Amino acid sequence: MSLIDLPLIKLTNPDPSVPGLFLMELNNGAENRFTIQFVREIMQALDFIDETLDKIPEEQAQKGGALVTTSQGKFYSNGLAIEAAMRDGDAFYIPYMTMLARLLTFRLPTVAAINGHAFAGGCMFAMAHDVRVMRADRGWIAMNEIDLGIPLMPGMAAIVRCKINQPNFLRDCVLAGHRFKASDAVAGGFVDKAVPLDQLRDVAMQYATQMATKARGLSQVIHLLKAEMYRDTVEILLRGGTSPGSYMQAKL
């Protein structure tokens, strides 16, 4: 059932018997690059979900809920619209990092169904989910800022650091710009499962359905658990810092 249909985002309820279950489809062209408008529409969709959850009757709320995000084609997301980011600075980066913090601490379990490449800002968007399911046969997940000659903003580095906790994989991701195929990302612990494309949405929905019951009652408990679990990362994201390495200046 379609809930909202924005120019860049479509939000549906894939199972009317569970009104707290949502599918968000990304539709910002072939590459789903993050622009200010794209971020606004994602936030608008999250606002809509929040408002909807608050209106669900108690009996239905006991079924819980979850959110799956995905897209179609070659890319899940090819990252930021980098020219706009470089031009607009804080006006671009701060809303993007605020959106990452919102998703990282969202009140529902979240699943990224990664249908294709997830590069840079698209990788970070995927990392902000609780679970990642990735297409097995094609597609890479990578942080390629080093190849672009661009440092990571503090909040961006924080979200990658909190989800890639094996040092060698983190090093290869950030300092080598390594492109991880799905099986390697699973081995590194930052993708949960690799599946054929024709099973991607079904498997993501299976994760969502299993996790939905943990949101029984649709309260703020999951949001608060995540807020404390990822507290250091969330504080950095919401601080809005856009000067990489500035914390060292007073110490050197």
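Heavy-atom basis, side chains included; hydrogens, waters and symmetry copies ignored. Along the sequence shown, residues are numbered consecutively beginning with 1. Computed from a prediction, not measured in an experiment: that's the story for all the values here.
The CG atom of L200 lies 5.0 Å from the OG1 atom of T70; values are rounded to the nearest 0.5 Å.
Aromatic ring centroids of F190 and F180 lie under 6.0 Å apart.
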- Could you please spell out the steps behind the side-chain hydrogen bond (donor to acceptor under 3.5 Å, both in side chains) verdict for Q206 and Q210? CA-CA 6 Å; Q206 288 171 13; Q210 291 166 5; 5.3 Å; no

- Message: With side-chain contact (heavy atoms from CB on, under 4.5 Å) as the criterion, how do I236 and R161 come out once you've worked through the C-alpha distance, each side chain's angles and the decisive distance to 0.1 Å?
- Response: CA-CA 12 Å; I236 296 171; R161 190 167 60 243; 4.0 Å; yes

- Task: List the steps, then state whether salt bridge (charged side-chain N to carboxylate O under 4.0 Å, His left out) holds for D50 with R102.
- Result: CA-CA 11 Å; D50 260 330; R102 175 86 179 276; 3.0 Å; yes

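In this structure, the side chain of N13 engages the main chain of L21 through a donor-acceptor pair within 3.5 Å. Put simply, the side chain of S77 never gets that close to the backbone of A118: no donor and acceptor are under 3.5 Å apart. K226 contributes a side-chain N or O that, together with a main-chain N or O of F106, makes up a donor-acceptor pair within less than 3.5 Å. R107 contributes a side-chain N or O that, together with a main-chain N or O of L218, makes up a donor-acceptor pair within less than 3.5 Å. The main-chain N or O of L8 is never found under 3.5 Å from a side-chain atom of N28 such that the two would form a donor-acceptor pair. No donor-acceptor pair closer than 3.5 Å links the side chain of K214 to the backbone N or O of G64. In this structure, T35 contributes its side chain and F38 its backbone to a donor-acceptor pair below 3.5 Å. Not a single donor-acceptor pair under 3.5 Å links the side chain of H178 to the backbone N or O of C173. Of the possible donor and acceptor atoms, one in the side chain of R132 sits under 3.5 Å from a partner among the backbone N and O of H129. R33 places a side-chain N or O within 3.5 Å of a backbone atom of N78 that can act as its donor or acceptor partner.
Cluster membership check: I94 does not share its hydrophobic cluster with M43, using side-chain heavy-atom separations under 4.5 Å among Ile, Leu, Val, Met, Phe, Trp and Tyr.
Between R40 and D47 there is no salt bridge, since no side-chain N of the basic residue sits under 4.0 Å from a carboxylate O of the acidic one. Between E235 and R231 there is a salt bridge, since a side-chain N of the basic residue sits under 4.0 Å from a carboxylate O of the acidic one. Using a cutoff of 4.0 Å between basic side-chain nitrogens and carboxylate oxygens, E41 and K10 are not scored as salt-bridged.
A donor-acceptor pair shorter than 3.5 Å cannot be found between the side chains of N115 and S71.
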